[in-house]
Amino acid sequence: MIIEDTGLGIQRTNRLVVLSMVSKARPKEKKQAFYSLLSERLEAECGIAPSDLMVSIVENTDSDWSFGLGEAQFLTGKL
């Protein structure tokens, strides 16, 4: 992957981690806390600089999931 500069002047290395995750809607304060904690932990435990972390969260709801059998298990109450 080639990750272009977003115009923020963040210097990245070849250790860049791009994390894309799916989540239920969460308040912006919880997202900010998650970004901060994730950045701190990855630096402390893996040596990944905060400038080498890019995160994208895609929000969805229970009706957006089927774990098989043509059912939406969150909606049918099986999960």
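Please read these numbers as outputs of a predicted model, since none were measured by experiment.
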Enquirer: Is any side-chain heavy atom of Arg15 less than 4.5 Å from a side-chain heavy atom of Val17?
Expert: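 Result no, sub-4.5 Å side-chain heavy-atom pair not found.
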Enquirer: Is Leu53 close to Tyr35 at the side-chain level, that is, under 4.5 Å between some pair of heavy atoms?
Expert: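 No. Closest side-chain heavy atoms not under 4.5 Å.
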Enquirer: Could you grab the distance from atom SG of Cys46 to atom CG of Asp52, nearest 0.5 Å is fine?
Expert: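 It is 12.5 Å, given to the nearest 0.5 Å.
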Enquirer: Within the 4.5 Å heavy-atom criterion, are Ser51 and Gln11 side-chain neighbours or not?
Expert: no
Enquirer: Checking the side chain of Thr76 only, and the main-chain atoms of Gln73 only, is there a donor and an acceptor separated by less than 3.5 Å?
Expert: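 At least one qualifying donor-acceptor pair exists.
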Enquirer: Using side-chain hydrogen bond (donor to acceptor under 3.5 Å, both in side chains) as the criterion, list what pairs up with Glu71, not counting sequence neighbours.
Expert: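 For Glu71, the residues satisfying side-chain hydrogen bond (donor to acceptor under 3.5 Å, both in side chains) (neighbours in sequence not counted) are Lys78.
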Enquirer: Taking the side chain as C-beta and beyond, is there a heavy-atom pair between Ile48 and Glu43 under 4.5 Å?
Expert: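 No; the side chains remain at least 4.5 Å from each other.
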Enquirer: Contact between Ile3 and Val18 at the side-chain level, heavy atoms closer than 4.5 Å - yes or no?
Expert: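 Yes, at least one pair of side-chain atoms sits under 4.5 Å.
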Enquirer: Please round to the nearest 0.5 Å and tell me the distance separating atom NZ of Lys24 and atom CG of Asn60.
Expert: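 Reported value, rounded in 0.5 Å steps: 9.0 Å.
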Enquirer: State plainly whether one hydrophobic cluster holds both Val22 and Phe74, where clusters connect Ile, Leu, Val, Met, Phe, Trp and Tyr through side-chain heavy atoms under 4.5 angstrom apart.
Expert: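 Yes; tracing contacts between hydrophobic side chains, which count when under 4.5 Å, links both residues.
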Enquirer: Taking all non-hydrogen atoms of both residues, which atom of Arg26 and which atom of Lys31 are closest, and how far apart?
Expert: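 Shortest heavy-atom contact: O-CE, 3.5 Å.
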Enquirer: Kindly check if the number of other-residue, nucleotide or ligand heavy atoms within 6.0 Å of CZ (Arg41) is above 12?
Expert: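 No, because the 6.0 Å sphere around CZ of Arg41 holds 12 heavy atoms or fewer from other groups.
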Enquirer: If you define the side chain from C-beta out and look only at heavy atoms, does anything of Leu38 sit under 4.5 Å from Leu19?
Expert: yes
Enquirer: Once rounded to the nearest 0.5 Å, what's the spacing between atom CE of Met54 and atom OG of Ser20?
Expert: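 The CE atom of Met54 sits 11.5 Å away from the OG atom of Ser20.
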Enquirer: Would a 4.5 Å heavy-atom cut-off, applied to side chains only, mark Met21 and Val58 as touching?
Expert: no
Enquirer: Is it true that a side-chain atom of Asp62 and a backbone atom of Leu75 form a donor plus acceptor pair closer than 3.5 Å?
Expert: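 Answer holds: no.
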Enquirer: Between Asp64 and Thr61 (side chain of the first, backbone of the second, donor and acceptor by atom type, cut-off under 3.5 Å), is there such a pair?
Expert: yes
